Amino acid sequence: MKRLTGWDAFLLYSEAPNVHMHTLKIAIIELVDMGGRSFGVEDFRRVLNARLHKLYPLRYELVDIPFKFHHPMWRENVHVDLDYHIRPLTLPAPGGRRELDDAIGQIAGTPLDRSRPLWEMYFIDGLADGRIAVVNKVHHALADGVAAANLLALGMDLQQSAPGDDGADQESYETDPAPTSFELVRSAWRDHFRHISEIPSTIGYTVAGINRVRRSSRKLGPNLTMPFTPPPSFMNHMLTPERRFATASLSLDDIKETKNALGVSINDLVLAMSAGALRKASLRYDGHADHPLLASVPVSFDFSSERISGNRFTGVMMPVHIDLSDPLDRVRRTHEDAVRAKETNLLIGPELVSRWSNYMPPAAMEALFRRLSLKDGQNKVLNLNISNVPGPRKYGRVGGALVTEIYSVGPATTGSGINITVWSYVDQLNISVITDLKSVDDAHEITTAMVDELVEIRRAAGLSEKLTAVEKAMSPVTRGI
């Protein structure tokens, strides 16, 4: 047994019937080079079963503490029913990108069962060109972006497998007995006393951060010093339970060429592309784009390649300059704000929120988020979440089958109907957008606009407007929205 950190638990408490706090990882898998072997859902279950002893977060089961006396715990080794957790799904014809995105939206719109390990996988066939997709739906409390990337890499063969090699390792772990109520309460008391003993160091960490900010000679902009005033936006309302999903894929070489020409980072460019896309959406749905939006951008403070579970990140508040009409102005201002935001995060201390989250009362936090999830008004904290996570740099294989594309998306959080997540994989920069049913008519409006924004930025920078073709797993996305 091990206890969830306060930050992990926060991602549980913030869940509601209309706010699903799971993330999605989507792998497109090529079957043509498997030497004539078939690869179906039973083959996939067998491959995963052979690796389950290594993928230990998939064996975790959530255990609540009696009377919500403390944060829940993970029972670390439980039996995993792969017939339940790995589910077959066949796409309708023609099995293109739209059909897959629609299916993933439906998968995203249902919560995970907390009485079982907090993940599901969908083995999807019926894709064009004989490919398959595997959609991994895992609760955010289990892993953040960095941990999920490491878990995904561990679940794939990052070198070419020999034909017929399904993995020599077999499931070889013992299940743990269920804890008693007495054991859970006794452990909670011990952990509470430990946290009490850590209060002086947490206060010291906080005071040191505040003093560093006060002594800093860097002048911080009002969007960073007063981060809790997001403007009203079409995307901020009481969420519907259903979800829409959309993807787009860009060449990482095009992204690198563009960011090098402009002297910015990939993160800066992703935020600027998001700003351009959201400007178009704001003009369409709000009728104006007068003020910057406010986005929470997760920044990890633990990049260990060995970590495959837990959440070790903080949310940095970033202005999203939909108010600027010129694409290069949006890039420049985004870069300037990002530099200030990173400096502020380092000065205040990246672990500040996660340390104090250990002291959150479970029952009160759950009640608060249930109440907030039912409010149909302006989000008082942020407009949306935007993430950029570096994924595997080498092509992976599953049971010998080549993984050609990987996409990822985080949750749409309370009062915020859009999440933009970018995930790089080998030579691709893959964009995913999830929305509820109220925010936009079609989530592909956002992905298409982000691709168009890259073209506009390159045109303004004097670079070729023609983007490098990225191999598609299926038929191209229909551009007409």
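Bear in mind the structure is a predicted one, so any value in this text is a computation, not a measurement. Quick note: residue numbers are just sequence positions, from 1.
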Check: For residues His140 and Asn311, is any side-chain donor paired with an opposing acceptor at under 3.5 Å?
Finding: yes
Note to self: For Asp254, is there any backbone N or O sitting under 3.5 Å from a side-chain donor or acceptor partner on Thr468?
What the structure shows: no
Item checked: Short side-chain to backbone donor-acceptor contact, Arg244 and Ile434, under 3.5 Å -> no
Item checked: Basic-acidic side-chain contact under 4.0 Å: Arg459, Glu465 -> yes
Next item on the list: Measure the spacing between OG1 of Thr247 and CD1 of Ile28 and express it to the nearest 0.5 Å.
Entry: 7.5 Å
Checklist line | Any donor-acceptor pair under 3.5 Å from His139 side chain to Ala141 backbone | finding: yes
Notebook entry, point to check: Can you check side chain to side chain contact (heavy atoms under 4.5 Å, CB included) on Lys375 and Met238, steps first, answer last?
Noted result: CA-CA 6 Å; Lys375 291 184 65 176; Met238 184 176 74; over 6 Å; no
Note to self: So does Asp8 get a backbone contact from the side chain of Thr5, meaning a donor-acceptor N/O pair under 3.5 Å?
What the structure shows: yes
Let me check something: any side-chain donor-acceptor pairs from residues 267-278 under 3.5 Å, sequence neighbours excluded? List them with distances.
from   : atom 1 : to     : atom 2 : distance (Å)
Asn267 : OD1    : Asn388 : ND2    : 2.5
Asp268 : OD1    : Ser265 : OG     : 3.3
Asp268 : OD2    : Ser265 : N      : 3.1
Asp268 : OD2    : Ser265 : OG     : 3.1
Asp268 : OD2    : His335 : ND1    : 2.8
Ser274 : OG     : Val270 : O      : 2.9

Notebook entry, point to check: Val299 and Phe313: side chain to side chain contact (heavy atoms under 4.5 Å, CB included), yes or no, with the steps?
Noted result: CA-CA 5 Å; Val299 176; Phe313 72 94; over 6 Å; no
Notebook entry, point to check: Below 6.0 angstrom between ring centroids: does that apply to Trp119 and Tyr60?
Noted result: no
Notebook entry, point to check: How are the rings of Phe10 and Phe369 set to each other: parallel, tilted or perpendicular (split at 30° and 60°)?
Noted result: perpendicular
Item checked: Nearest-0.5 Å distance, CZ of residue Arg279 to OG of residue Ser325 -> 5.5 Å
Check: Within 45° of the ring axis of Tyr205 and under 6.0 Å from its six-membered ring centre, is that where the NZ or CZ of Arg355 lies?
Finding: yes
Note to self: Evaluate Arg98 against Asp442 for salt bridge (charged side-chain N to carboxylate O under 4.0 Å, His left out), listing each step before the verdict.
What the structure shows: CA-CA 11 Å; Arg98 284 280 180 163; Asp442 186 340; 2.7 Å; yes
Check: From Asp436 CG over to His20 NE2, what is the distance, rounded to the nearest 0.5 angstrom?
Finding: 10.0 Å
Note to self: As a quick check of understanding, evaluate side chain to side chain contact (heavy atoms under 4.5 Å, CB included) for Arg312 and Val146, giving each step before the final call.
What the structure shows: CA-CA 9 Å; Arg312 301 281 291 168; Val146 171; over 6 Å; no
Check: Considering residues at least two apart in sequence or located in another chain, which fulfil the side-chain contact (heavy atoms from CB on, under 4.5 Å) criterion with Ala147?
Finding: Ala143, Asp144, Arg307
Notebook entry, point to check: Just by distance, do the side chain of Asn236 and the backbone of Pro232 share a donor-acceptor pair under 3.5 Å?
Noted result: no
Note to self: Quick test of your reading of the model: are Lys280 and Glu445 salt-bridged, counting only N-O distances below 4.0 Å?
What the structure shows: no
Item checked: Pairing residues for Thr110 by the side-chain contact (heavy atoms from CB on, under 4.5 Å) criterion, not counting sequence neighbours -> Lys137
Check: Where the side chain of Asn430 meets the backbone of Ile406, is there a donor-acceptor pair that is under 3.5 Å apart?
Finding: yes
Note to self: Closer than 4.0 angstrom, basic N to acidic O: yes or no for Arg284 and Asp441?
What the structure shows: yes
Item checked: From CA spacing to verdict: side chain to side chain contact (heavy atoms under 4.5 Å, CB included), Leu352, Thr314 -> CA-CA 8 Å; Leu352 180 65; Thr314 188; over 6 Å; no
Notebook entry, point to check: Taking only residues at least two apart or on different chains, which pairs with a member in residues 264-301 satisfy ring pair (Phe, Tyr, Trp, His ring centres under 6.0 Å)?
Noted result: Phe234-Tyr285
Margin query: Tyr395 vs Tyr425, test: ring-ring contact (aromatic ring centres under 6.0 Å, His included). Steps then yes/no.
Written below: CA-CA 8 Å; Tyr395 282 105; Tyr425 178 60; 5.6 Å; yes
Check: Any side-chain heavy atom of Ile86 sitting closer than 4.5 Å to one from Phe44?
Finding: yes
Check: Can we say Lys256 and Asp253 salt-bridge, meaning some charged N sits less than 4.0 Å from an Asp/Glu carboxylate O?
Finding: no
Check: Does a donor on one side chain sit under 3.5 Å from an acceptor on the other, for Asn419 and Thr421?
Finding: yes
Margin query: Quick check for you: to the nearest 0.5 Å, what is the distance between Arg214 atom CZ and Leu347 atom CG?
Written below: 13.5 Å
Next item on the list: Could you tell me whether the side chain of Asn383 and the main chain of Pro230 form a donor-acceptor pair under 3.5 Å?
Entry: no
Check: Taking the side chain from Asn345 and the backbone from Ile348, do they hold a donor-acceptor pair closer than 3.5 Å?
Finding: no
Margin query: Under a 3.5 Å distance rule, please check whether Arg458 uses its side chain to pair with a backbone N or O of Ser464 as donor and acceptor.
Written below: yes
Checklist line | Distance-only polar pair, side chains of Lys438 and Thr240, donor-acceptor under 3.5 Å | finding: no
Notebook entry, point to check: In Å and rounded to the nearest 0.5 Å, what is the OG to CD1 distance from Ser424 to Ile266?
Noted result: 7.0 Å
Next item on the list: May I ask you to decide whether Glu336 forms a salt bridge with Arg332, counting only side-chain N to carboxylate O separations under 4.0 Å?
Entry: yes
Check: Can you list the residues that meet the side-chain hydrogen bond (donor to acceptor under 3.5 Å, both in side chains) rule with Arg114, with sequence neighbours excluded?
Finding: Glu15
Next item on the list: Please find out if less than 6.0 Å separates the ring center of Tyr407 from that of Phe245.
Entry: no
Next item on the list: Using only heavy-atom distances, determine whether the side chains of Thr90 and Asp125 contain a donor-acceptor pair under 3.5 Å.
Entry: yes
Next item on the list: Look up atom OG in Ser233 and atom CD1 in Ile322, then write down how far apart they are to the nearest 0.5 Å.
Entry: 6.5 Å
Note to self: Under the rule for side-chain contact (heavy atoms from CB on, under 4.5 Å), what residues qualify as partners of Ala460, not counting sequence neighbours?
What the structure shows: Pro327, Leu328
Item checked: Polar side chain donor-acceptor pair, Thr206 to Trp356, under 3.5 angstrom -> yes
Checklist line | Glu30 bridged to Arg397 by N-O distance under 4.0 Å | finding: no
Item checked: Heavy-atom donor-acceptor pair, Ser416 side chain to Ala412 backbone, under 3.5 Å -> no
